[in-house]
Structures are given as structure tokens and as C-alpha cells.
Amino acid sequence: MTATDKTGEPGRDFIHDIIAADLEAGRVSTVVTRFPPEPNGYLHIGHAKSICLNFGTALEFGGRCHLRFDDTNPTKEEQEYIDAIKRDVRWLGFDWGEHLYHASDYFQQLYDWAEHLIRAGKAYVDDTPAEEMRALRGTLTEPGRNSRFRDRPVEENLDLFRRMRAGEFPNGARVLRAKIDMASGNINLRDPVLYRILHAPHPRTGTAWCIYPTYDFAHGQSDAIEGVTHSLCTLEFEDHRPLYDWLIENLPVPARPRQYEFARLALNYTVLSKRFLTALVREGRVAGWDDPRMPTFAGLRRRGVPPAALRDFVRRVGVARANSVVDLAMFDHAVRDHLNRVALRRMAVLRPLRVVIENYPEGETEELDAVNNPEDPAAGTRRIRFGRELYVEREDFMENPPRKFYRLTPGREVRLRYAYLVTCREAVKNAAGEVVELRCTYDPATRGGNAPDGRKVHATIHWVAAASSLATEVRLYNPLFTRPDPGADGDLMADLNPNSLEILRECRLEPALAEAAVGEAVQFERQGYFCPDPDSAPGRLVFNRTIALRDSWAKAQAAGG
RNA sequence: UGGGGCGUAGCCAAGUGGUAAGGCAGCGGAUUUUGAUUCCGCCAUGCGGAGGUUCGAAUCCUCCCGCCCCAGCCA
């Protein structure tokens, strides 16, 4: 396993306390956990919590974590998902080494244990149709009633179960049930189904089986087979723990794993349910599972979120048993915090406004030094080209600015980053009255950005030289939903943010950006963190905005206006 | 109204009888060739509520309130 983060303390939570106590008391010698996804969909940010908890905790205690696919329902699972999940777990930074398993690896053992239960008189084959079985199960407040097949002789159960396995019966004809207690207040103990008939080919076992164990019959036993010591799952499985324990106690399993539950991760302005995510893709509301607006690993990766930032985010959130909804700002912070330290700085003008430096010699250019990352001196410097014609950001000029706007306006001097102090002399307008060009003058004595006479300017703005700049497309992303609890009113699609994607096609980048690799994070100075999208082609770069820089000016404007 | 959980600041979250950590957000201020970063300060007489036990309660007891999960041959 990898992915130790130097930054930040390891998580301290009740799971750690339990494990530490188990180690201390000698109840376990090596900690073994597992991340057990069902291969029926793509991983999303919610899974990151489970992955980090399972892999991270094992790592911290010097144990190991298995990657185990819970592939007990061939009607919903696909190899494609298995591959995607493996890729995504690796991307997050974890390695299961030799410990890749599948519940389907244990189908024969599980089957044998089912027969063991039958022989012990603790499981029976039930012919009751599904509808009727549901009615017999009772309700939340009324006890269930025994099936009329509940007291079948062991030999008959064995014979029927073997014939189920042999494929003699159609789907749904019979099931194998544990014989526990139809009157239990815990519905999971009302003779839960252990095996069902499913004539469906399995991604891994093919047509070898036509009966498949349920989650309850597979999970705990798989844990036991693998020697998992701490089986960590989410809160909704809490009611299953008595069944988990019952099976472990009534089967000759080689170990005694323990299940512990924690609250799953939820984020505001975000939807994580498989059903909703699937609907977004299927209805074309997003471009696909890897749309940068999606909370999937694929989406986050394409958007440029570094795995280390995701791990840090999960660490900050913590692990507890209270249902909670984490503020997206927490995620944003983790992303910015990481990117600030590692991203190279570059200049890029998203909405260009042409600038002509009137007193700069025609046809001449020069090179200036620019720092690659002020947070990391080792990143060095680069040369950037300056010339008579430049582009600056449209919003860095205002003809009639409000108080406290200290960027370009007629008559004002500002600094062009790493270049010169320039003064705006005139705004040239078109017939429609729109500003189309700025006429400025520069002070040749301020090369690099400092005035020999010590005079100060209020603002430093970014720019690119018109002649050498690269034309590019930039995609800006905003939250996919307009409300913190999308879908709460019953119509998820009505809460979609119409401005979740903004495409800018006339952007101008400094030439150094031509070398950026897909997924590589860079900071466009004063704007945010970006990375080239896979849609980029030679000569036609496309950048995604991972996240904007904090902008107290914009915030103040929004608050004041 | 069965069973199982959970309620500490706007959002996460420590704390488990000795007088409310930390982070995010927010608000001030300093530094700044990114209105970024960084730094400093502020931000719960209060722990869902009411009683009780105790010298002392977020922590123990009682009652109450609220929220979440479970009636798949899904996981």
C-alpha cells in the first residue's frame, strides 16, 4: 500500500481506537481490512472515504487491506466496472498488492457452508413465491409468520438445494433461507434469504453457477476466509450485524471477523446516489461519467483534482457515526491547499482585451523573468516575451470604476506582472460603444515591475503578448446543482445549475503552456487552477478549470451589489 | 406506533465526571509584483430539551423532542 501523506496527522477516530485496543489486548496481531465494492457502477467521492479508511487504517497499523469485489449478483455486475474500480483505487494512491479477491472466488466454499447449515437444521429451502414471502415477513410493527416449508426434513432440504444448484428450477422458484426468528424485531433476522436462483452468466464464473449467495451470506464469510479482522462498512448495515455474527457463529469459518459501521460521506450541492448519477449520464445532462462536473473519480480526475487533495479532504472530514453533510467549501479548500503548493504559475487571459503600448517600439520584443512557483523556489523561473501589443483580462479594465477598484481605468497606472508599470491613456470603442482596445504607455525605467523612484501601484495584473500567445479553449465549471440538497423536492433535474459549464473559446495563453500534459495542474495567475483536458489536440489546447482562486474582490462586489 | 442508530458553532469534528480541541466557512487586521498565498486576532457562559445525582455533568440517571436506517430472491 502506498499513499502516506506527509501533511496532516493521520485520522483519529473511533475505528482507530477500537483497532488500537484490539492490538493492545492481543485480540488481533495483524490488522486486515478490505474495500469491498460491488462492480455495478463507478466509484465516486463518497467511496474515497471508505477507501482511505480501509487502506489508510491498515497502512497505519502495519497491516494490509484487500480489494475484494462483492460480485454476488451477476444480473447487475460487469467486468467493465471491475477494471474501472481497480484503476480508480490505484489513482487515489492505494495498492492492494497480491490481495485482489472476489466473493465469487469463494462460491464453492460458500455453497459447502450452506449445506453445513442445512445439515445443522439451520437453513431450509423455501418454495414460497416472492410475493407471499413478503407478506409473511410481517411489517415493521408486526412479527412475521413461519413459512409452511420451514420444517422440511434435512434430507429434503439437501436434495432440493442440490437440485437448485444443478439448475433444475427456474429463477425465483425456491430460495435457501436461514432458520432464525420470524418474530424478531430486526427484520434481517426473519429467516433471511441466503441463496437465490439466478440463471445468469457471471463475469468471472461464467455459467458454472445458477444459484448465487446473497450479500449477507457472502460478506462475512468472505471476510473470515481472507482473515479480515475489522470489516468496516456504512451505517445502513448496522442492522445486518446480528446476522453477520449469527452466520460466523454457526459456520466452521477459519476466523472471527468483526463488523464496524461508520457514516457515509455526503456533500452539499452534490448527488452521490448511483441512481441519480446514472440518470444524469443517461439523460445527457452531463457529457458522461467522466464529465468534470461529476463527483465520480473519473470526473474529478479529468477536472484536475489531485488524488492527494482528495485524501486530505477525507482526512479533514473525519470518521464518525453521525449522519452529516459536508460543506463543498471543505473540499474546495483541500484542493486549493494542495494545488497552491505544487502548481506551476502561468499567465493566461481568459477574456482578452487588446492593449497597445504606444511608446513601446514597433516590431520590438524582449524577454523577462517570471517565477514558476513562489511556494517552491526549486520550480525555478522562465522567460516570458513582452511586446507592443498585449492582451489583458477584460474585467481588469473599467471605464467608470466603483470605489476600491484599483485595476486599469483611464489615467491610472498599474503593474503588468513581471514586466512594466503601464498607464492607461485611452479606451478605444467600436460603433456599438464597446471598449475594444486600450491605448497605454509604459515606463521603461520600471522593467521587472519596480519603479526606481519607489512609487507604488495598487494593482498587478496578468497579461500575454499578443503575437506569441496561444489561442485556446477553456472550460469553467461550477457546481452542478443550484441548491445544497439537490432533488430534495422530488425533481432532481429541476435543481440543475444552468451555469455549471461555461466555455470560453478565445482565450490566450503564454507559450510555455503548450507543453502542459493532460491532467497536469497549473495555476493561471490571479484566476485559478487549470489542467489540459483529454479533448486537447496538437495545436488546439483545451483547459479545464479545476477550481478558481479565492477572490475577495468578487466576493465584496457580490455582497455590496 | 417493532428493531437499530444519531443529536457538541453556519458545516465537519474532538471530548467518555474536573470546568467546551482542531479544521472549513465567516469577520477584523498585517504582509504581498497573484484582491492569491502566508501570518495575527475574533467567532459555543454553551453541548437537542426538561428534571435529577454530584463539591463538580457535554460526559452518569429519568423523561421528553428531533433526525436517519430496516419490511429486495440489491449491496
Side-chain angles (χ1 to χ4, degrees), chain A residues 8-9 12-13 36-38 40 70 72-73 75-77 126 128-130 133-135 137-144 171-177 183-190 192-198 211-212 214-216 218-219 233-242 261 263 265 268 274 313 315-334 336-337 340-341 345 347 370-371 374-375 404-407 415-419 421 448-450 456-462 484 523-528 548-556:
Chain A
E9 295 299 302
R12 273 277 151 249
D13 51 68
E38 181 189 14
N40 71 340
D70 232 327
T72 57
N73 186 349
T75 66
K76 295 189 173 174
E77 298 150 6
D126 195 343
T128 307
M133 198 182 286
R134 190 191 317 146
R137 188 155 26 236
T139 69
L140 295 179
T141 53
E142 304 160 36
N171 288 353
R174 297 175 221 265
V175 294
L176 180 73
R177 291 227 261 171
S184 174
N186 182 344
I187 291 175
N188 293 296
L189 261 22
R190 318 240 264 228
V193 171
L194 268 22
Y195 266 92
R196 73 280 217 199
I197 299 171
L198 250 30
I211 59 171
Y212 293 91
T214 55
Y215 163 85
D216 288 305
H219 205 94
C233 62
T234 43
L235 253 24
E236 68 269 26
F237 291 100
E238 189 158 14
D239 290 342
H240 291 245
R241 194 172 62 226
E261 312 84 20
L265 174 68
N268 59 16
K274 200 164 294 177
F313 165 64
R315 183 188 61 75
R316 287 167 182 274
V317 166
V319 181
R321 288 178 61 88
N323 281 312
S324 58
V325 180
V326 176
D327 196 322
L328 241 203
M330 188 99 86
F331 173 75
D332 290 350
H333 173 81
R336 286 195 190 100
D337 188 51
N340 175 51
R341 278 177 271 129
R345 270 58 170 176
M347 291 203 281
V371 174
E375 304 291 324
K404 294 228 184 143
F405 175 90
Y406 35 76
R407 279 112 94 152
R415 174 185 299 109
L416 291 181
R417 183 146 229 229
Y418 299 127
L421 299 189
N450 287 307
K456 302 290 187 198
V457 290
H458 239 110
T460 298
I461 66 176
H462 60 279
Q523 183 196 100
F524 287 178
E525 297 231 18
R526 301 208 302 135
Q527 303 191 105
L549 248 29
R550 290 181 65 181
D551 188 347
S552 59
W553 165 247
K555 192 201 285 183

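We use all heavy atoms of the structure for the numbers below, so side chains are in, but hydrogens, waters and symmetry mates are not. Per chain, numbering begins at 1; letters A, B, ... match sequence-line order.
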Quiz item: So what does Val371(A) hit on the nucleic acid, given a heavy-atom distance under 4.0 Å: a base, only sugar-phosphate, or nothing?
Solution: nothing
Contacts of Arg174(A) and Ser184(A) projected onto RNA chain B by closest heavy atom; the upstream (5') one is Ser184(A)
Would you tabulate the nitrogen or oxygen pairs shorter than 3.5 Å linking the protein to nucleotides 21-23 of chain B?
from: rG23(B); atom 1: O2'; to: Arg316(A); atom 2: NH1; distance (Å): 2.9

May I ask you to evaluate whether Arg526(A) reaches the phosphate of rU32(B), defined as a side-chain N or O under 4.0 Å from OP1 or OP2? no
Checking His219(A), Glu261(A), Glu238(A) against Cys233(A) for side chain to side chain contact (heavy atoms under 4.5 Å, CB included), the one that qualifies is Glu261(A)
To the nearest angstrom, the CG-P distance between Asp327(A) and rC24(B) comes to 12 Å
Picking from rU34(B), rC73(B), rG35(B), the nucleotide nearest the side-chain atoms of Val175(A) would be rC73(B)
| message | Checking the side chain of Arg12(A) only, and the main-chain atoms of Gly318(A) only, is there a donor and an acceptor separated by less than 3.5 Å? | response | no
Paired to rC60(B) by Watson-Crick or G-U wobble criteria (both distances under 3.5 Å) is rG52(B)
Under 4.0 Å, heavy atoms only, any strand: does Phe331(A) hit a base, just the sugar-phosphate, or nothing? nothing
Regarding Pro36(A), tell me which of base, sugar-phosphate or nothing describes its non-hydrogen contacts under 4.0 Å with the strands shown. nothing
Trp553(A) atom CH2 is separated from rA36(B) atom C1', nearest whole Å, by 16 Å
Taking a pair to mean Watson-Crick or G-U wobble geometry with both distances below 3.5 Å, rU32(B) pairs with none
His458(A) NE2 to rU31(B) C1', in whole Å, measures 14 Å
Separation of rU31(B) atom C1' from Lys456(A) atom NZ, nearest Å, is 12 Å
Rounded to whole Å, the CG-P distance (Asp332(A) to rG26(B)) equals 11 Å
P spacing across the pair rG46(B) / rA71(B), given as an integer number of angstrom: 42 Å
How is Glu142(A) classified with respect to the nucleic acid when contacts are heavy atoms under 4.0 Å: base, sugar-phosphate, or nothing?
nothing
Query raised in the report: Got a donor-acceptor contact below 3.5 angstrom from the Asn268(A) side chain to the Leu328(A) backbone?
Result: yes
Closest to the side chain of Thr141(A), out of rG26(B), rC73(B), rG2(B), is rG2(B)
When rounded to whole Å, the CZ to P distance for the pair Arg345(A) and rA36(B) reads 13 Å
Item to complete: Examine rU37(B): is either OP1 or OP2 under 4.0 Å from a nitrogen or oxygen in the side chain of Arg341(A)? Give yes or no.
Response: no
Looking for any heavy atom pair under 4.0 Å, which part of the strands does Phe524(A) touch: base, sugar-phosphate only, or nothing?
nothing
Taking for Ala263(A) and for Ala419(A) the nucleotide of RNA chain B with the nearest heavy atom, the one nearer the 5' end belongs to Ala263(A)
Checking rG35(B), rC74(B), rG5(B) against the side chain of Arg321(A) (C-beta onward), the nearest is rG5(B)
Rounded to whole Å, CZ of Arg417(A) lies from P of rU32(B) at a distance of 14 Å
By side-chain contact (heavy atoms from CB on, under 4.5 Å), Ala135(A) pairs with (sequence neighbours left out) none
Quick note, Glu38(A) side chain, CB onward, closest among rG35(B), rC12(B), rA75(B) is rA75(B)
Using Watson-Crick geometry (N1-N3 plus N6-O4 or O6-N4) or G-U wobble (N1-O2, O6-N3), each under 3.5 Å, rG66(B) is paired with rC6(B)
Salt bridge (charged side-chain N to carboxylate O under 4.0 Å, His left out) filter on Asp332(A), not counting sequence neighbours, yields none
Please work out if Tyr212(A) contacts a base, only the sugar-phosphate, or nothing of the nucleic acid, heavy-atom cut-off 4.0 Å.
nothing
Margin query: Given 3.5 Å as the limit, does a donor-acceptor pair link the side chain of Thr128(A) with the main chain of Met133(A), or not?
Written below: no
Check your understanding: Reckon Arg550(A) has a side-chain N or O less than 4.0 Å from the OP1 or OP2 of rU37(B)?
Key -> yes
Applying side-chain contact (heavy atoms from CB on, under 4.5 Å) to Thr75(A) and not counting sequence neighbours gives Asn73(A), Leu198(A), Ala200(A)
Worksheet item: Under 4.0 angstrom, heavy atoms only, what part of the nucleic acid is Asn450(A) near: base, sugar-phosphate, or nothing?
Response: base
Lys555(A) side-chain N/O to rC27(B) phosphate OP1/OP2 under 4.0 Å
yes
Original post:
Do any side-chain nitrogens or oxygens of Thr72(A) fall under 4.0 Å of OP1 or OP2 in rA75(B)?
Top reply: yes
CZ (Arg345(A)) and OH (Tyr418(A)) are apart, to the nearest 0.5 Å, by 8.5 Å
With B for base contact, S for sugar-phosphate-only contact and - for none (protein heavy atoms under 4.0 Å), nucleotides 64-72 of chain B reads ----SBBBS
Sequence neighbours excluded, the answer for salt bridge (charged side-chain N to carboxylate O under 4.0 Å, His left out) partners of Glu77(A) is none
Sorted by chain and residue number, the side-chain contact (heavy atoms from CB on, under 4.5 Å) partners of Asn450(A) (sequence neighbours excluded) come out as Arg415(A)
Regarding Asp337(A) and Arg341(A), does a basic nitrogen lie under 4.0 Å from an acidic carboxylate oxygen?
yes
Side-chain contact check for Ala322(A): nearest option of rG7(B), rU38(B), rA36(B) is rG7(B)
Applying side-chain contact (heavy atoms from CB on, under 4.5 Å) to Arg190(A) and not counting sequence neighbours gives Arg137(A), Met182(A), Ile187(A)
Open item on the list: Counting the atoms with a prime plus P, OP1 and OP2 as sugar-phosphate, which does Thr128(A) contact under 4.0 Å by heavy atoms, base, sugar-phosphate, or nothing?
Closed with: base
Applying the 3.5 Å cut-off to both distances, the Watson-Crick or G-U partner of rA13(B) turns out to be none
Whether the side chain of Gln527(A) and the base of rU34(B) hold a donor-acceptor pair under 3.5 Å is what I'd like checked.
no
rG10(B) glycosidic conformation (syn if within 90° of 0, otherwise anti) is anti
Hits for salt bridge (charged side-chain N to carboxylate O under 4.0 Å, His left out) against Glu38(A), two or more places apart or cross-chain, chain-then-number order -> none
_Classify Glu238(A) by what it touches in the nucleic acid, base, sugar-phosphate, or nothing, heavy-atom distance under 4.0 Å._
sugar-phosphate
Residues at least two apart in sequence or cross-chain that pass side chain to side chain donor-acceptor pair (under 3.5 Å) with Asn186(A), listed by chain then number, are Asn188(A)
Across all chains, not counting sequence neighbours, the salt bridge (charged side-chain N to carboxylate O under 4.0 Å, His left out) partners of Glu375(A) are none
List every contact pair, protein side and nucleotides 14-16 of chain B side both N or O, where the distance is under 3.5 Å.
from: rA14(B); atom 1: OP1; to: Val319(A); atom 2: O; distance (Å): 3.3

Of the listed rU37(B), rU34(B), rG35(B), the closest approach to the Glu375(A) side chain comes from rU37(B)
Between CD of Glu261(A) and P of rA75(B) the distance, given in whole Å, is 18 Å
